[in-house]
Trainee: 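One structure, pasted below without further comment.
Chain A is the first sequence line, chain B the second, and so forth, proteins listed ahead of strands; every chain is numbered from 1.
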Amino acid sequence: MQNQSTWVRSRNYVFWIIGILMVGIAIGVSLIAKPPEIAPFDLLPAILRGLGVTIQLTVGGAILALVVALIAGIARSSRNAIVRGISSVYVEVFRGSSVLVQMFWIFFVLPLPPFNIELTALQAGILALGLNVGAYGAEVVRGAIQAIDRGQIEASIALNMSPGLMMRRVIIPQATVRILPPFGNLMIELLKATSLASLITLSDITFQAASLRQTVGRIPEVFSLLLVIYFLLAYPLTLGVRWIESRRRWAA
Amino acid sequence: MSELWNWGFVLEILPRLLGGLVVTVEATLGGFVIAIVLGLLLALGRRSENPWISQPIGAIVEFIRSTPLLVQLFFFFFVLPRYGIRLPAFLVGTVALGLHYGTYTSEVYRAGIDAVDRGQWEAATALNFSPLRVWTGIILPQAIPPMYPALGNYLIGMFKESAQLLAITVTELMLTARVIGTETFRFLEPITMAGLLYFLISYPSALLVQRLEARYARRS
Amino acid sequence: MHADHNQNSAVDPIIRFEKVTKIFGDLTVLRELDFEVGPQEKVTIVGPSGSGKTTILRVLMTLEKPNNGVIWVDGDPLWHEKKDGKLVEAKEKHLRKVRGKIGMVFQHFYLFPHMTALRNVTEAPIHVLKMPKGDAEERAKELLNKVGLSDKFEHYPSQLSGGQKQRVAIARALAMRPKVMLFDEVTSALDPELVGEVLNVIRELAEEGDMAMLLVTHEMGFAREVSDRVVFFDKGQVVEQGPPADIFDNPQSERTKTFFSAILRH
């Protein structure tokens, strides 16, 4: 992208502007042309009532995923076979099925004996998302740790650093840069996965849209709007990740 | 109530769960075929020199990748009948799955095609091959084999994510498990067994793909 | 063999550049170039890097499109076609027709890695010339024998040395029976001890006489041996050209002299 001539880049902007103009015109026309029914924009508040839940799921899930990924990723790189083993089991189990399966299990099975853990739907959602994305994140962390040059470790040993100090001052700062782009992508996947919480009765934006279907009808508008909302949430993140990746190239 | 884990019950429901698994596998394979064909077409479209082709296709790919599969499933399932297209849920689900993952595979194709040395294009031009022959005889045979691990991983991903098809009433594994639960009020066995079945298929597959990856890494 | 340059202009040239200009971004690489090659002439282009000499070959092989000017190959325009007596931009079909008369060997070989040596040489004849497989294989074996690789038919490029790869590349280009062969610094990427085997093949080709050959090379000794005409090219223009002896022993232009003295200092 950076190598494109100015002319090509401005031509691409022209296409984007045309696209946005066309969407705007379409919305405007449907606003005017539609008879007394609710214009598409009136559907927006109804759907957005679920936005708070969507955001809670995303942020809560992201924080949990980050914490779990760091712990499990470091554990997976441990020299202690037991620590490695336990974290590996966690990672493989949670990567072995989809978020939905895990969400259902936490929501339907955990309250039952022998676990007897009652969780609200929101807690279940955040837990499932965090544990699932955390498992993928753990692999990213592990990869980043192992990618650190052997020489760094040897130099640290030569300087008589303790393993803890070495981890804190040498390995983690370098690993952090490496994990940012893949984590960015995982966050985008997490955002999309929050839609699954609508299937365990959480009132996120997908749930709101789906229930609108029953009350208002107007299905094409409802789900188109929902798609656009997710796009507007996720695409800036995508651009952000790409920006980080491009900056990293000069830093590294 | 009764004991914690009832093996008898497990045996009872296993055939039904396996029936759901068959539907899962069918949807996965059908979706995968769509995804690998569509992925190539989308990749070629995005590489087109004609911006009237490459820009819209790029926009569509970005849009589909940035929105959840679940919402796309709802969209196709509920919207198509409005326009008179009534398809069985299984078909809608499989096609939507293939479409969604087609955008992911198109990225794999793009990377794979770009990875072919520029010189191959020049040698092919110098030897006066027709554009079709350049693609089928020279570029794609070099681009595709290194893509197998990535495509394999997406196949496994599709297998797992196919659970979402339950939202549009496709009787795959997860829906079957949940239905058993609501019928018998025993959720522990069906949902755990479903999870186990997903794991028993995807984990060994992932190991196989890792071996594939190692093989291609060695070659380059 | 070393025919006088002036004699060739009596015959129609097989390659003719007419005011060809090629610009890359801000850089004008070829400046209204007029240039000719006779039907059986062996021409070597030498000059500093960035002078545009490789671009001449690339534009001829249709790998780059000229911004201006007309290129004639064996009487037909290359990048243009004749329509109602005028020259218009050529369509792909016309390009392919004229391109078939030109063959090229590249600095980095660009052999097809997923094919054996034999298949590398037969692939284009079969799919482009529509030659039957048996005929193509016979011809390929002949050519591979000729370049000294009779025991390497079933070898893959990864199993061949640089010199062997380049010889397969030459056989591959020859299999298409071009009227003009282009050689773009074909020994520059080779280890020194492998250069000779490739030059020997090219020398033999030059001595057989039937094809026009256009070489870009740094191998001055070889250029002197093999060429009918040497062209010193700099900053997008022909500075000087003539028989090898004239250019190497008695350069007229200052730029030519500077270039050769810099080379000889190594």
Trainee: Apply side-chain contact (heavy atoms from CB on, under 4.5 Å) to the pair B:Thr125 and C:Met61, showing each step before the final yes or no.
Mentor: CA-CA 8 Å; B:Thr125 304; C:Met61 194 67 251; 5.8 Å; no
Trainee: Could you have a look at C:Arg58, C:Met176, C:His127 and say which one has the most heavy-atom pairs with chain B under 4.5 angstrom?
Mentor: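 Answer, by heavy-atom pair count under 4.5 Å with chain B: C:His127.
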Trainee: Quick check on B:Arg47: does its CZ atom have over 12 non-hydrogen neighbours (other residues, nucleotides or ligands) under 6.0 Å away?
Mentor: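 Atom CZ in B:Arg47 is packed in, count exceeds 12.
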Trainee: Looking at C:Glu89, I want to see if its CD is surrounded by more than 12 non-hydrogen atoms of other residues, nucleotides or ligands under 6.0 Å.
Mentor: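 No, CD of C:Glu89 has 12 or fewer neighbouring heavy atoms, counting only those of other groups under 6.0 Å.
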Trainee: At a heavy-atom separation under 4.5 Å, does C:Glu92 approach chain B through its side chain, its backbone, both, or neither?
Mentor: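 For C:Glu92, side-chain heavy atoms alone lie under 4.5 Å from chain B.
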Trainee: Considering residues at least two apart in sequence or located in another chain, which fulfil the side chain to side chain donor-acceptor pair (under 3.5 Å) criterion with C:His155?
Mentor: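 If we apply the side chain to side chain donor-acceptor pair (under 3.5 Å) test to C:His155, skipping adjacent residues, there are no hits.
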Trainee: So, do C:Arg172 and B:Leu127 sit near enough that their side-chain heavy atoms are less than 4.5 Å apart?
Mentor: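 Heavy-atom side-chain distance check passes, below 4.5 Å.
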Trainee: For B:Phe90, does the CZ atom have more than 12 heavy-atom neighbours from other residues, nucleotides or ligands under 6.0 Å away?
Mentor: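 Counting neighbours around CZ of B:Phe90, more than 12 heavy atoms of other residues, nucleotides or ligands fall under 6.0 Å, so yes.
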Trainee: Only heavy atoms, only distances under 4.5 angstrom. Which residues in residues 93-120 of chain C are near chain B?
Mentor: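 Near chain B, by residue number: C:Arg96, C:Arg99, C:Gly100, C:Ile102, C:Met104, C:Phe106, C:Tyr110, C:Leu111, C:Phe112, C:Pro113, C:His114, C:Met115.
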